[in-house]
Amino acid sequence: MIDLVWLIPVFPLIGFAINGLIGKAFSEKAIGWIGSLSVGASFVIAVSIFLELLGMDPGSRSVQKVVYTWIISGDLNVPIGFLVDPLSTVMMLVVSGVGFVIHVYSIGYMHGELGFRRFFAYLNLFVFNMLILVSSNNFLLLFVGWEGVGLCSYLLIGYYYEKKSAADAGKKAFVVNRVGDFGFLIGMFLIFVTFGTFDFTQVFSEAHAKLAQGGLLVTLITLLLFVGATGKSAQIPLYTWLPDAMEGPTPVSALIHAATMVTAGVYMVARCSILFALAPISLSVVAVIGAATAFYAATIGITQFDIKRVLAYSTISQLGYMFLACGVGAFATGIFHLMTHAFFKALLFLAAGSVMHAMSGELDMRKMGALKSHLPHTHWTYLFGTLAIAGILPFAGFFSKDEILFFAFERGAGFWIVGAVAALMTSFYMFRSVFMTFYGESRVEPEAAHHLHESPPIMTVPLMILAVLSLVGGFVGIPILKGWHVFGDFLAPVFAPAEAVLKGEHAAAHHSVALELTLMGVSLAIAIAGFFYARWMYLTEPGAAQRMVERFPGLHKLVYNKYWVDEIYDILFVNSIVRFSQFLWKMFDDAVIDGIVNGTARIARGWGAVLRRLQSGVVKDYALSILVGVVFVIGYLVLR
Amino acid sequence: MEAVLFYVLAVIVTVSALCVVFLRRPVHNVVFMILAMVSLAGLFLMLRAEFVAMVQLVVYAGAVMVLFLFVIMLLNLGPTIFQADAKSARWWIGAVLALGVLTMIGPVLTAVIPRAPQIGAPAAVPEMSNTEILARELFTTYLLPFEIVSILLLAAIVGAVILARKRSTGATKG
Amino acid sequence: MITLEHYLFLSALLFTIGMIGVMIRRNVIVILMSLELMLNAVNLSFVAFSHTLNSMEGQVFVLFTMVVAAAEVAVGLAIAVAIFREKGTANVNEMSLMKW
Amino acid sequence: MIPVPEINLGGILPAVILGIAGVVVLIAGLFIRKGAITVPAIISVVGVLIAGMANGPLRTANQESFSGLVVVDTYTWFFNLLILLATGLTVLISVRYMADDELRLPEYFVLLLFAAVGMMFMVSGNHLLTIFVGLETLSMSVYILTGVLPGNQKSSEGALKYLVLGGFSSAIFLYGAALLYGSAGSLGLPAIMKYMQSGNASSLAFVGTGLLLIGFGFKVGAVPFHMWTPDVYEGAPTPITGFMSVGVKAAAFAAFVRVFFDALPAFQADWTQILWMVAFLTMILGNLAALVQDNIKRMLAYSSIAHAGYILVGMVAGNEQGTAGVLYYLLAYTFTNIGAFGVVALVGRKGEANVLIDDYRGLANQNPLLALVMSVFMFSLAGMPPTAGFVGKFAIFGAAVSQGYIWLVVVGVLTSAASVFYYFRVIMKMYMEVPDRTPARLEFDPGMLVALGIAVVAVLYIGIFPTTYLDLALKSVKPLF
Amino acid sequence: MENASFPVLSYTTFLPLVGAAILLFINRESRETLRWIALVFMLADFAVSLAAYFMFDSSTATMQLVESHPWVRDWGISYKLGIDGISLFLVLLTTFLGPICVLAAWNDIQHRVKEFLISLLVLQTGMIGVFVALDLFLFYVFWEIMLIPMYLLIGVWGNPARRLYAAIKFVLYTVVGSLLMLVAILALYFMAGAGGEGYTFDLLKLYEFPVPTHAQYWMFLAFFLAFAIKVPMFPFHTWLPDAHTEAPTVGSVMLAAVLLKMGTYGFIRYAIPLFPNAALDAAWWICLLAVIGIIYGAWVAMVQADVKRLVAFSSVSHLGFVMLGMFAFTAQGVEGSIIQMVNHGLSTGALFLIVGMIYERRHTRLIAEYGGISKVMPMYAVFFMIFTLSSVGLPGLNGFVGEFLILVGTFKVYPWYAVFGATGVIFAAVYMLWMFQRVMFGEVTNPKNLSLKDLSGREFVILAPIVVFCVWIGVYPNTFLKPMEPSVKNFIQVVEKKRAAVLDLEKAKQKSAGNGTTIAVTSSLETIGR
C-alpha cells in the first residue's frame, strides 16, 4: 500500500484536471463531488497507509518511494519522491481528512457562486500541493509544494477578484510568502553546498557529522529556513498577510489559512527538528518569535469586530503556540497542537461561514447577536470550537495547549507566563465572539433579519464531524499516564535524534507529576477566567467594553489598528522601493543611459553640421583647403 | 652677360606675374601675362630649348592669351575695383600658406646642386638641333601620348562647342 | 654664375605667385590666368632640369603641358562664358549655389 | 629621317576601340536626326562590349610597350574591365535621363568614351607622362560632362569649380612630377624606382612624392583635397555623378596604387604615415558630414568620400591583401554606386528634380521592387552582409588588422557604424514614411532595367561567392609586388 | 569531420528563405495565400528541425550533423554548420516559434502582408543561422543579416508613435557592438593564422589556439560589447524597451524569444571558449552586472505603465539570471542558463503574444486602460495566468527549473550574488502579479472592455503548445537537460583546459624570451598606435 503513496497527491490533481479542463460540461453537484471525492480518496489511502505503518515496528517506520528523477544536473540530483513516516502520515491524514470535510462543506457554501468550478479546481490544486509538501522526501520537492500552496492561496484569496481588496490581499499573501521563500531558498542552497543533496534522510542522518553543534553554519541554515516558516505560517514579522487573507471565501480560510497551509511552517520546522536541535540559538529564536506572536496576535484579536479577523488573529496566535512548542524542543507537541488546531479552527471558520451564510455575508459582530435561536447547529458547533481553543477540559485544545505550556515552563518560566497570558486573552476573545454572535440582544439589521436561516445539512454535517473531532481529538495525547500519549509515542521515532541532541544539551527534564498537574489546573483556571470576564463584559454588563475603551483610548486605538504595522511596512518597503524604482527609470534609464546614447548621436550629427559648414561653396576656400593639405604634407616630408 | 640677361628676364617675369595677380583691370592682367610669357620664352632660349620657346611664343603668348582677350572683350569686363578679397581672411591665409610652401620648398631645391653641371654645358647630340631631337623623340618614344593628346583636344573642342551652344534658360533647376 | 637652382627658385616663385592669384582673385578669367602662371612655372623647372640632365624628356613634357593648358583654358573660358550668360557675373564668390 | 617607332597596338587595343567608337558616335551624330540618342547609346555600348573582348587577352599579358610608356599586365586588365563596366553601365542609365532632361546630345557619349580612354591610359601608364595625359583627357571630358546640363546653373558652377580646382591640383601634380624628374632623371616608373632604391634619394624626390600624393588625393577625393566632391557631384548630371564616383575614382586609385607601389616603395614608410592621417580624416569627415545631408546626391558624394577613406586604409595596410582588397572594393563599389545612382536618376524622373532624400518617401509602396533594389545598394554601401560591400570592407579591414593598424580599423568600423544611420535613413524613407504628395509615375526603359539588374545581381553574387573575385584581385596586384 | 549524410541543418536554416523567395512571386493582394504559404514553410521548417532533434545523439558532446564546405578558400572561410546540446534547443525554440508567429500575425498585420511575411521568414533564416554556424565569418554574416528584417519589422509595422526612433536605435546599438566584434574576429583570425594554426575562421580550430592573455582582454572586450548589447546586459539595455514597445507583436515575440538569446548564445559559444582567461577573469564583474540587471530590471519593470515595456524590463531581469548562471561557470549554472534561455523564450514570448492579443482588441498597452478582463475573457485569463506564473518562476512550471539551477550553480561560487539574485525572484512576483492584477482583476471599469471577445480558436492554437512546453520543462526537465549535459560538461572542461594551457604557454615564454610568430603578431597588436 505504501508504494501507492504517490496516489495521495495524484487524486486531487486528477480532480483538478477534470474540473479545470472539462468541468464546464458538468453540473455544479457533479463538480463539487468530483472535487470532494478526489480528496476523500486520498484520505482513504492515507488511512490505509497509516494502518500499514502501525503494523510495522516503530524503528522502521520510515519508507521512501521515488517516482522518477526530476532534475539531474552535474552533482545535483532531485527525485520526485515521497517519504512515508509517522510525521508525514499524520500530516497527510490531517490535510486530506480535514480537506475532505471542508470540500463537502463548500459544496453547500459555494452553491450558486459564479466561479464554482474554478473554486473547486483551485481547492483540489491546493490539496495536491499541500500533500506534495507534507509527503515529499526532499527539500526541493517540499519547496515545490510550498510555493504551490502559496499560489493556490493567492488564487483563492483573490477568488472574488472583482473586489479590489480581495485581489490586493491575494497579491500581498503571495509576495509576503515570497519574502519568506527567499529565506527558505537560500537556506536550501546552504544545505546543498553542505550536504550535496536535498534528500531529507540523507541530510538529517549526516547532519550531526557535518554540522558543528551550535555552529554558525547550522544556525544560519535553520534561521533561514525559519524565515521561510514565518512567511508561510504568518509569524512576526511576516504575519501581515493572513488577516487580509480573510477576503477569500470562508472554506478557504478554514482549509488554507487555519487547518493546513499556515501550518506548513510548523511541519517544516518539525521536519528539520534535528537541524534546529543542533542550533540552540535558532531554537530560542523560534521560541521567542512563537511566544511573541502568540501574545501579540491575541491582543489584536481582542479588539476586532470582524468575526473572521478575530479567528484569523487567533490562528496567528495559535501558530505562535506551535512554534513555541518547537522552540522549546517539544516538536511532537507542536504537531499535536497543529492537529487539534486543525480540527477546531477549521470548525470555527466553517461555523463562522455558516453564520455569514445566514447573515447574507455580514461579518461584523456588532451587527449580530442572539443568533442562537436561528442557527442552533451552528451555535453549538461554534461553541465546541471555542471551548476547544480556549482549552477547556476535555476538549482537544486543552491537551495540546496545556502540553505546550508545560514544556515552555520547563524551558523557562518567562515563556510560560507569556503563553498563559495569551491563553487568557484567547479564551476571552473567543467567548467574546460567541457572546457577541449568538447571545445578548439582536443587533441584526432588519432586512438581514427576516431571512435568517440555518444552513443546509451539507454544511452542518461537516460542522458536526469537526465538532466531534475537536471534542475527542485530544484524547490521543493524554499526558502523565505512561503509554496514553499515543500520539507522542507514534511520532517519537521521527524526533528521536533531535530529542537525543537536546537531552544532551540541558539536563533531562524532571517529570514531576505534581508540577504538571498544577500547571494544568492553572491553565484551566485561566480559560475559565477568560470565559467569565467575557461573559461579564459582553452579556451581563453591556457597555463595559465601551468603558474599557474610554479608559485606555490610546492603547485601544493602537491595538485596534493592529499597531499600524501594515502602514509602517508600506512606508518602509513598498513605497520607498516604488519611489526609488521611479527614480531609476526616469533618472537613470531615460536620463543617464539614453542621454549618453542619444547624446552620442547628437554629437555626431552636430559635428557633421559643423564640418559641412567648411563647405562654404566658394571655390577659393576649396583651393585653400588643398593648400593647407600641401603645407602639411610638404611640412611632414621636409621636417621629418 | 648671361647672368645679367637672366636677372633682367627673371625680374620682368616676376614683376609682370605680380601685376597679373594684383592689377585691377583684366585687360592689364592679360597684357602683363603676355609679357610674362614672352620673357619666359627668353629664359627657355637661354636653356637651349628653342622649340619650346617658339611654342611658348606662338601658342601661349599668341593663341591662348588672345583667347583670353577675346573673352574679356566679349564679356566686356570693364574696369572694376581691385577684385581681391582684401577684407576676408582668405586673402591673408592664402598668401601666407603659399609663401609657406615657397619657404619650405626653397631650401629643398638646393638639394640637387651636387648633380647640377654648369649652365652652358653642350647639349647631348651637338650635330643635331634641339628641335630635331625633340621631333625625333616626340614621334618615336612619345608617339603614344602624342596620339592621346589628340583625343584630349578633340574632347576639348567638342566640349567647348556644346558648352558655348548651351542656350541659357536662366532658370536653375533642382 | 647662373646655376640650376636660380631657375628653380624663379619657378618656385612664379608658382607661388600663381597660387596666391588663385587664392585671392575673384574674377574667373584672372583665376584661370593664375593657373596658367602656375603651369608656366612648372614648365620652367622642367626645361631647366632637362637642360641640366641633358634629357629631352623634360621638354617633351613641357610641350604636352602647354597643350593641356591650352585645352583647359579653352574649356574653362567656355564654361565661364556660359555662366556669365546665365548669371551675368564672372565673380567666383557669387558662384556658390551649392554649399554645405 | 625618323626611325619607325615601336608600336604594339595589342596592349592598348581596348582604349583604341573606345576612341574609335567615340569618333564614330561623333560622326554619326552629324547624320542622325537631332535629339536622337538611342543610336549613339547603342553604338557606345557595342563599342564597350568590343573593347571588353579586346581586353580579354590582356589578362595573361605582361609586357611594357611603346618604349615603356605603358605596361600591359593583369592589373591593367582588371582596371580596364572595371572602367568598361563603369562606362557601359553609365551609358545604360543615361539614356532615360537624357531623354527627360532635353540633354539630347550624342557628344555626351563621345565625351564619356573619351573619358574612358583617358582612364585606360592612366591605369596602364608606366610613365608619369602617360599617366598625366590620360588623367587630363579624363578630367577634361568630365569637366565638360559636369557642365553639360543646359541652363542649369548648378551644373555650370560645378563644372567651373571642378575645372579650377582640377587645374590647381594638376599644377601641383606637375610640379611634383618636375621635382621627381629633376632628381630621378626620368619619369618612367621603373627609372624612378631604380633611383629611389639607389638610396641616395634627394629630398627633392620626397617633396615630389608628396606633391604627387596630393594630386592623386585630389582625384580620389580624400580629405583635405575633397572639397570639390560634394558640389561637383551635386551639380553634375546624375549618371555622370555615378560615373565619377566609380570610374574616375577607380582610375585615380589605379594610378595612385601603381605609382606608389611600383615606383615609390622605397618611401613606403613615409607616405604610409601621410596616408594613415589622410584616411583617418577622410573616414571621419566623410561619414559625419553625410549624416546631415538632405540631398541624396550630396549624401552619396560624402559617402563616396568616406569610401575613399576605407580604400585608403587598404593602401595603408600596404601588403598584397590590402591592395587586393582595394581592387575588390573598387569592383564592389562600382556595381553598388552605379546602381544607386541609377535609382537616383530614375527617381529623379525629370532630370534634376526629386533629389532630396525626402523624395524617396513611400517608394516601397509605389514600386516595391525598386525599393528593394535600392535597399540592397544601401546595405552594400553600409557594408552589411551578404552584399559585396561587406566583403570589401572585410578584406580591407582584415588586411589593415593583419598589419596591426587596429586603431585605424576601429575608427573605420565606428564611422561605418555611423554611416549605417544615413544609409538606413534612405530605407526608412522608402519603407516607413508616406509621401506628402502622390509622386509622378516612374518610367523605366530597357537600358535602366538592364543596368539595375546587372548591378543588383552582381552586388549580391560577388558578395555571397566572393572567392573568384578575390582571387582575381589578388592575381591582379601580383605585378606590383 | 565528414559531412552529415543528410544536410538537415542547411534545410532547417534555408527553408524559410526559400519560402520568402517563393512569396516574392505571389500577388500581394491574395493575402490568405501568402499567409498559408508562410505558415506551411514555417511548419515544414519545424518538422525538419525535429528531424534534426531525433538525429541528434544526446550522449556525446561533439558537434553533430556537421556540414562543412569551403566557401572563401584563400581566407579559410568555410560554410560550416553543426549543433551540440547547447545550440540544439535554441534552434528548436526558433523553429517552434516560427509558425506561431505567422499565426499570431494572421489578423494583426493587415497592410503589406507580403513584405511582412518575407521579412519574418528571412529573419527566421538569419536567427537559425546564428545558432548553427560554426564558422566565425558565417556566424557574423547571419548575425548581421538578422538585423535587416528586424529593422523593417519594427520600423514598418511598429506602432506609429516612435517606431522609427526605436528601429534605428536598435540597429545602431547592435551595429556598433558587432562591428567592433568584427575587428576582434579579424585580429583573432590573423593571430591564429600567424600562430601556425593556419589561417581559418573555423570555430573549432580556433578553439584550439591559445590567445595570449593581454590580447584576449581586448578581443573579449569587443565580443563582450557585441553580445552584452544583444543580451542586453544592464547598462546596454535601453534599446530593448523601445524596440519591444514599438515593435508589432510578432516582432516583440521574436525579439524576446530568440534575438536576445543570440547574445547569450554568443557568450557561451564564442566569447568564453575563445577567450577563457579574459572571460573568467572578468566573470566576477560580469556577474555583478548581471545581478544589478536582475534587480534593476525588476524594479524598473515594477513602475511601468505600459504592459509591453513592463515585460521588456522583465526580460532584462531574466536575462540577468542567464548571464549570472553562465558566468558562475558551474555545471548547474550553465545548464540552468541554457534552460533559462529556452524558458524565457517560451514564457516571455508567450506574454508578448498575450499582450498582443489584447492590444489587437483594444489598441492600447496602458495597464490603466484595463482591469477586470478576467470577467470578460476567462480563457484568456487562464493562459495569461499560466505564463505570468512561469515567468515568476513558480515550481512546476519551466521558469523555476532554470532559475533554481542558476541560483544553485551561482551559490557555489558567488554566494552573495546568488542571494541578491534570489531577491529578483521576489520582485518578479511583485511586478508580474501586480500587473496581472491591475489588468485582469477588479471591476470592469472601462466600458470599452465590456465587449471584448475571448480567445478565438486560432489564438488558442497559438498559446496551447507553449503551455505544453512550459509544463513539460517544469515537470520533466530531463528531456532537455540530458542532451545538453555532455556538451556543457565538455564546454567547461575545454574552457578550463585552454585557460590553463594559455597560462602555461605564457610562463614558458617568460622563461625563454619566446620566439614564435604569435609573439610577433601580438606585439604588432600591442603597437596599435600606428
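Atom set for the values below is all heavy atoms of this structure, side chains included, hydrogens, waters and symmetry mates excluded. Reminder, nothing fancy here: chain letters follow the sequence lines and each chain counts from 1.
The CG atom of D:L163 sits 9.0 Å away from the CG atom of C:L77 when rounded to the nearest 0.5 Å. Distance CD/D:E234 to CG/C:L97: 9.0 Å, rounded to 0.5 Å. Atom CD1 of C:I79 and atom OG of D:S155 lie 8.5 Å apart (nearest 0.5 Å).
If you tally non-hydrogen atom pairs under 4.5 Å between each of D:S186, D:G166, D:G235 and chain C, the highest count goes to D:S186.
Counting heavy atoms from C-beta outward, D:F168 and C:M23 have side chains that approach closer than 4.5 Å. In this structure, the side chains of C:F49 and D:L204 come closer than 4.5 Å at one or more pairs of heavy atoms. You'll find the side chain of D:H127 reaches within 4.5 Å of the side chain of C:E57, heavy atoms only. D:L187 is listed as a side-chain neighbour of C:F46, based on a closest heavy-atom distance under 4.5 Å.
For a residue to count as touching a neighbouring chain, one of its non-hydrogen atoms must lie under 4.5 Å from one of that chain's; by this rule D:A289 does not touch chain C. At a 4.5 Å heavy-atom cutoff, the contact between C:S50 and chain D is made by backbone and side-chain atoms alike. Residue D:E157 touches chain C through both its backbone and its side chain, counting heavy-atom pairs closer than 4.5 Å. With a 4.5 Å cut-off on non-hydrogen atoms, D:T137 does not touch chain C at all. Looking at C:A12, the atoms closer than 4.5 Å to chain D (heavy atoms on both sides) sit in the backbone and in the side chain alike. Looking at D:V133, the atoms closer than 4.5 Å to chain C (heavy atoms on both sides) all sit in the side chain, from C-beta outward. Only the side chain of C:V28 comes within contact range of chain D, judged by heavy atoms closer than 4.5 Å.
A pairwise comparison of heavy atoms in D:G158 and C:M98 identifies N-CE, 3.7 Å as the closest pair.
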In sequence, state the C-alpha distance, the side-chain angles, and the governing distance for D:Y175 and C:F15, and then conclude on ring pair (Phe, Tyr, Trp, His ring centres under 6.0 Å).
CA-CA 9 Å; D:Y175 200 62; C:F15 196 81; 4.6 Å; yes

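Listed for the D:Y181 side chain is a donor-acceptor partner under 3.5 Å among the backbone atoms of C:G58.
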